[in-house]
Amino acid sequence: MAAGRLIIKTEFLPTKYRGYMLPLSQVFWLAGSLLIIGLASVVIPTIGWRWLIRIASIPGIILILAFKFIPESARFNVSTGNTQAALATLQHIAKMNRSVMPEGKLVEPILEKRGRFADLLDAKYLRTTLQIWVIWLGISFAYYGVILASAELLERDLVCGSGAKSESQSEVAVTLPDTEESHSPCHCHMFAPSDYRTMIISTAGEIALNPLNILGINFLGRRLSLSVTMGCTALFFLLLNICTSSAGLIGFLFMLRALVAANFNTIYIYTAEVYPTMMRALGMGTSGSLCRIGAMVAPFISQVLMNASLLGALCLFSSVCVVCAISAFTLPIETKGRALQQIK
């Protein structure tokens with residue numbers, strides 16, 4: 001869903017505005033993240049996490065009904081030979097902006113072959129595709145790793161590698177019966193109000209670097225901007241192992257959330273810009289698949305390996321970010337100021 005939304009926005013926005021408007025849409029992602037944390041702080045302690053899932057699914061159901069009001073991409077319609085639909089969309093846009101359509105007619109070769117997987121691995125795009133897949137997997141791995149690590153650090157008190165439990169928790173542990181559950185490595189504790197506040201503060205970091213991210217994307221370029229933020233992400237993962245106060249931990253998590261959000265902003269824009277219209281959706285779709293793989297692997301590191309070795313988990317996250325930074329820096333195509341390509 002996110003990939004399709006971004007593709008449509010990319011194809012409608014003029015070249016000079018893409019680097020500004022696409023990162024600003026992160027504000028709405030942030031609003032949803034803050035809303036679900038606030039909702040969780042009220043719903044989970046009272047009626048349970050299952051009701052949180054049910055309530056959170058309501059906007060998605062409403063969104064299904066809203067899809068019919070989203071216009072089809074004019075570029076896509078032209079490429080399929082449906083110029084009338086493309087003209088209708090452009091005329092609607094002109095009317096909304098109180099402007100008039102320029103004279104002339106839309107002329108574009110009809111693409112008989114579109115969206116073939118083999119095109120992604122064509123000699124022209126092979127290296128770009130492979131490096132983009134590595135970056136997408138790594139960014140997703142780091143993004144969901146930060147989110148899950150935040151909860152893990154707060155729940156298990158792993159700061160400074162102490163792993164110490166409060167006195168009340170120790171007393172509870174003593175009274176547990178000698179069952180299989182009592183020896184389980186899984187220790188689930190309800191978040192305190194202060195933990196929800198920490199989550200809200202760190203989540204707000206996703207918008208903190210947006211102005212700098214926009215400047216970097218538009219002045220440094222997509223590749224250099226992404227390599228810098230990925231390198232900083234690697235550094236801040238390692239800083240989580242430093243013995244610090246609660247405020248210091250919140251500060252590190254805040255910066256990490258800001259950096260991983262900036263990474264996502266940049267790779268979304270780059271992927272949508274680097275591929276031509278005939279394979280843009282396929283490029284975003286396959287990248288999204290790698291993104292899901294990274295998201296699936298992250299819990300095993302943030303919640304399993306981190307329980308055994310905090311430093312080991314953080315070093316793994318940091319190493320993946322370094323690989324992504326190198327991959328971003330060596331991408332063969334820079335898309336800053338580059339018009340969207342229609343055919344390869």
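Computed from a prediction, not measured in an experiment: that's the story for all the values here.
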Practice task
Taking all heavy atoms of Val322 and all of Ala234, pick out the closest pair and write down the distance.
Solution key: CG2-CB, 3.7 Å

Problem - Shortest non-hydrogen contact from Leu240 toward Leu256 - result: CD1-CD1, 3.6 Å

Handout entry: Ser318 side chain to Leu314 backbone, donor-acceptor under 3.5 Å
Key = no

Handout entry: Joint hydrophobic cluster, Phe252 plus Leu148, side-chain heavy atoms closer than 4.5 Å
Key = no

Practice task
Assess the pair Tyr270 and Trp136: is the distance between their ring centroids shorter than 6.0 Å?
Solution key: no

Problem - Side-chain (Lys336) to main-chain (Leu220) donor-acceptor, under 3.5 angstrom - result: no

Practice task
Return yes if some donor-acceptor pair links the side-chain N/O of Ser225 with the main-chain N/O of Arg222 below 3.5 Å, else return no.
Solution key: no

Exercise for the section: Kindly determine whether Ile147 and Tyr143 satisfy side-chain contact (heavy atoms from CB on, under 4.5 Å), including the steps that lead there. Expected result: CA-CA 7 Å; Ile147 294 174; Tyr143 180 83; 3.4 Å; yes

Practice task
Please confirm whether the backbone N or O of Ala85 pairs with a side-chain atom of Thr89, one donor and one acceptor, at under 3.5 Å?
Solution key: yes

Problem - Aromatic ring pairing Trp133/Phe117, orientation class (parallel under 30°, perpendicular over 60°, tilted between) - result: parallel

Exercise for the section: Taking all heavy atoms of Leu120 and all of Thr129, pick out the closest pair and write down the distance. Expected result: O-OG1, 2.7 Å

Completion exercise
In terms of heavy-atom contacts, Met230 and Cys324 come closest through CE-CB, 3.4 Å

Problem - Flag for Asn213-Thr229: side-chain donor and acceptor within less than 3.5 Å - result: no

Completion exercise
Interatomic distance, NZ@Lys95 vs CG@Leu90, rounded to 0.5 Å, equals 15.0 Å

Problem - Any donor-acceptor N/O pair, Ser140 side chain to Leu137 backbone, under 3.5 Å - result: no

Exercise for the section: State whether a side-chain donor-acceptor pair under 3.5 Å links Ser302 with Tyr144. Expected result: no

Exercise for the section: Begin with the C-alpha distance, continue with both residues' side-chain angles, and end with the deciding distance and a verdict on side-chain contact (heavy atoms from CB on, under 4.5 Å) for Asn218 and Ile214. Expected result: CA-CA 6 Å; Asn218 288 281; Ile214 291 173; 3.6 Å; yes

Practice task
Please answer whether the main-chain N or O of Ala272 pairs with a side-chain N or O of Arg280 as donor and acceptor at a distance below 3.5 Å.
Solution key: yes

Exercise for the section: Provide the closest heavy-atom pair for Gln131 versus Ser327 in the form atom of the first, atom of the second, distance. Expected result: NE2-O, 2.7 Å

Practice task
Output yes when a side-chain donor or acceptor of Glu334 lies under 3.5 Å from a complementary backbone atom of Gly221, and no otherwise.
Solution key: no

Exercise for the section: Indicate yes or no for a side-chain donor-acceptor contact from Asp122 to the backbone of Lys124 under 3.5 Å, with no hydrogens or angles considered. Expected result: yes

Problem - Any donor-acceptor N/O pair, Thr271 side chain to Tyr268 backbone, under 3.5 Å - result: no

Problem - Distance, nearest 0.5 Å, that separates CG of Asn241 from SG of Cys315 - result: 7.5 Å

Exercise for the section: Using the ring-ring contact (aromatic ring centres under 6.0 Å, His included) rule, collect all pairs that involve residues 302-323, keeping only residues at least two apart or in two chains. Expected result: Phe141-Phe317, Phe237-Phe317

Completion exercise
Minimal heavy-atom distance between Val43 and Leu52, with the atoms involved, is CG1-N, 3.7 Å

